[in-house]
Amino acid sequence: MNRIEKSEEKFKQLFGKGVPGTHATDPDFQDILSYFIFGEVFYQGNLDDKQRELITLVVLATNQTLPQLKAYVSAALNVGLTPVEIKEAVYQCAPYIGFPKTLNAINEVNEVFKAKNIALPVESQKTVDEDNRFQKGLATQGEIFRGGIKKMQESAPLNQSICRNFFLLFASEIFILVTDSI
């Protein structure tokens, strides 16, 4: 199968039947994009389609390319990602791209879910509560960083306690989620 056939097959798998909107106004550009992304990139390496879509969702959220994010949320569902997996991937962006950009991405994801009659909110993935998140986060990070996190916490100036504790508290849910899924 050549890259044109591969790109057509992959596009159909991800987005269903139809032609991208840019094909009507910019067919040359759309061919370049489609043949490269769906005919070559998708067939490189050992990532499966779910992994590729998770990476794509995070990159689109980070870059705030929100119309494309909406399209790829549908594609992610089409390759078998669950609404929870999609939401968790976007949530992971918050400490890196900021809460406003993450909220923009979440709003786009929610629009797709609503259009597809996916119930919101998705099932909670919390593994800690307000009473134990600091302790669980510190313990989990202690395992991951082999005790280094405790040393960093102890040596941090007191005036950095809010920042230090925010990282620890936010990261505790992420690290526990990651270790629970491994």
Side-chain angles (χ1 to χ4, degrees), residues 1-127 144 170-171 173-182:
M1 193 173 356
N2 66 35
R3 76 184 191 126
I4 295 172
E5 294 165 331
K6 286 180 178 179
S7 72
E8 291 169 351
E9 179 181 85
K10 185 57 65 178
F11 188 88
K12 185 176 178 182
Q13 176 195 4
L14 296 172
F15 302 105
K17 295 180 181 179
V19 177
T22 55
H23 198 271
T25 58
D26 298 283
D28 292 345
F29 179 76
Q30 186 60 49
D31 286 347
I32 293 167
L33 182 153
S34 293
Y35 300 162
F36 178 66
I37 294 174
F38 305 117
E40 293 181 33
V41 174
F42 256 89
Y43 293 93
Q44 295 295 314
N46 296 317
L47 297 177
D48 64 31
D49 287 346
K50 288 181 179 182
Q51 292 167 321
R52 289 179 197 278
E53 287 305 305
L54 282 174
I55 293 166
T56 302
L57 292 174
V58 168
V59 170
L60 294 172
T62 300
N63 288 330
Q64 293 291 280
T65 46
L66 302 176
Q68 290 76 18
L69 176 63
K70 285 176 80 169
Y72 277 89
V73 169
S74 292
L77 292 166
N78 289 341
V79 298
L81 284 169
T82 67
V84 168
E85 291 169 322
I86 292 167
K87 282 284 188 106
E88 289 295 320
V90 174
Y91 293 169
Q92 296 288 323
C93 296
Y96 306 102
I97 68 172
F99 286 98
K101 288 181 178 179
T102 304
L103 284 170
N104 290 343
I106 289 170
N107 288 334
E108 299 300 316
V109 170
N110 286 343
E111 282 188 33
V112 174
F113 287 179
K114 288 175 188 172
K116 293 185 172 292
N117 295 315
I118 295 171
L120 293 171
V122 298
E123 184 180 341
S124 175
Q125 300 300 297
K126 287 184 180 181
T127 58
I144 293 168
F170 185 85
E173 288 191 22
I174 293 171
F175 288 130
I176 291 171
L177 173 66
V178 168
T179 56
D180 284 351
S181 65
I182 293 177

| request: Measure the CD-CG distance between E88 and L81 for me, rounded to the nearest 0.5 Å. | output: 12.5 Å

| task | Measure across L54 and A89 and return the closest heavy-atom pair with its distance rounded to 0.1 Å. | result | CD2-CB, 3.6 Å

| Any residue meeting side chain to side chain donor-acceptor pair (under 3.5 Å) with S74, in chain and number order, not counting sequence neighbours | none

| Got more than 12 heavy atoms from elsewhere within 6.0 Å of NZ, K101? | no

| request: With sequence neighbours excluded, tell me which residues meet side-chain contact (heavy atoms from CB on, under 4.5 Å) with N63. | output: V59, T65

| field | Donor-acceptor under 3.5 Å (E108 side chain, A105 main chain) | value | no

| remark: Minimal heavy-atom distance between C93 and V58, with the atoms involved, is SG-CG1, 3.8 Å

| field | Sequence neighbours excluded - salt bridge (Lys or Arg N to Asp or Glu O under 4.0 Å) pairs with any residue from residues 51-64 | value | none

| message | I'd like to check the salt bridge (charged side-chain N to carboxylate O under 4.0 Å, His left out) partners of E111; sequence neighbours left out, ordered by chain and number. | response | K70

| Taking the side chain as C-beta and beyond, is there a heavy-atom pair between V112 and I86 under 4.5 Å? | no

Please tabulate, for the side chains in residues 113-121, all donor-acceptor contacts under 3.5 angstrom to protein atoms that are two or more places apart in sequence or on a different chain.
none

| request: Nearest 0.5 Å please: distance from the OG1 atom of T102 over to the CG atom of N107. | output: 11.0 Å

| task | Determine whether Q13 and V79 make a side-chain contact, defined as any pair of heavy atoms from C-beta on separated by less than 4.5 Å. | result | yes

| task | Scan for ring pair (Phe, Tyr, Trp, His ring centres under 6.0 Å) pairs involving residues 50-79, sequence neighbours excluded, and state none if there are none. | result | F15-Y72

| note | With sequence neighbours left out, the residues meeting side chain to side chain donor-acceptor pair (under 3.5 Å) with K87 are N110

| Looking at residues at least two apart in the chain, or sitting in another chain, which of them share a side chain to side chain donor-acceptor pair (under 3.5 Å) with Q68? | none

| field | Set of residues satisfying side chain to side chain donor-acceptor pair (under 3.5 Å) with respect to Q64, sequence neighbours excluded | value | N104

| task | Could you check if a side-chain atom of N78 sits within less than 4.5 angstrom of a side-chain atom of L14, using non-hydrogen atoms only? | result | no

| query | What distance do Q92 atom CD and T62 atom OG1 have between them, rounded to the nearest 0.5 Å? | reply | 11.5 Å

| query | Under 6.0 Å from the CD atom of E123, do we count more than 12 heavy atoms belonging to anything else shown? | reply | no

| Pairs involving residues 36-48, ordered by first then second residue, that meet side-chain hydrogen bond (donor to acceptor under 3.5 Å, both in side chains) (sequence neighbours left out) | R3-E40

| Close side-chain approach of I37 to S7, heavy-atom, < 4.5 Å | no

Enumerate, atom names and distances included, each donor-acceptor pair closer than 3.5 Å involving a side-chain atom of residues 24-32, sequence neighbours excluded.
residue	atom	partner	partner atom	Å
Q30	OE1	T22	OG1	2.2
Q30	NE2	S34	OG	2.8

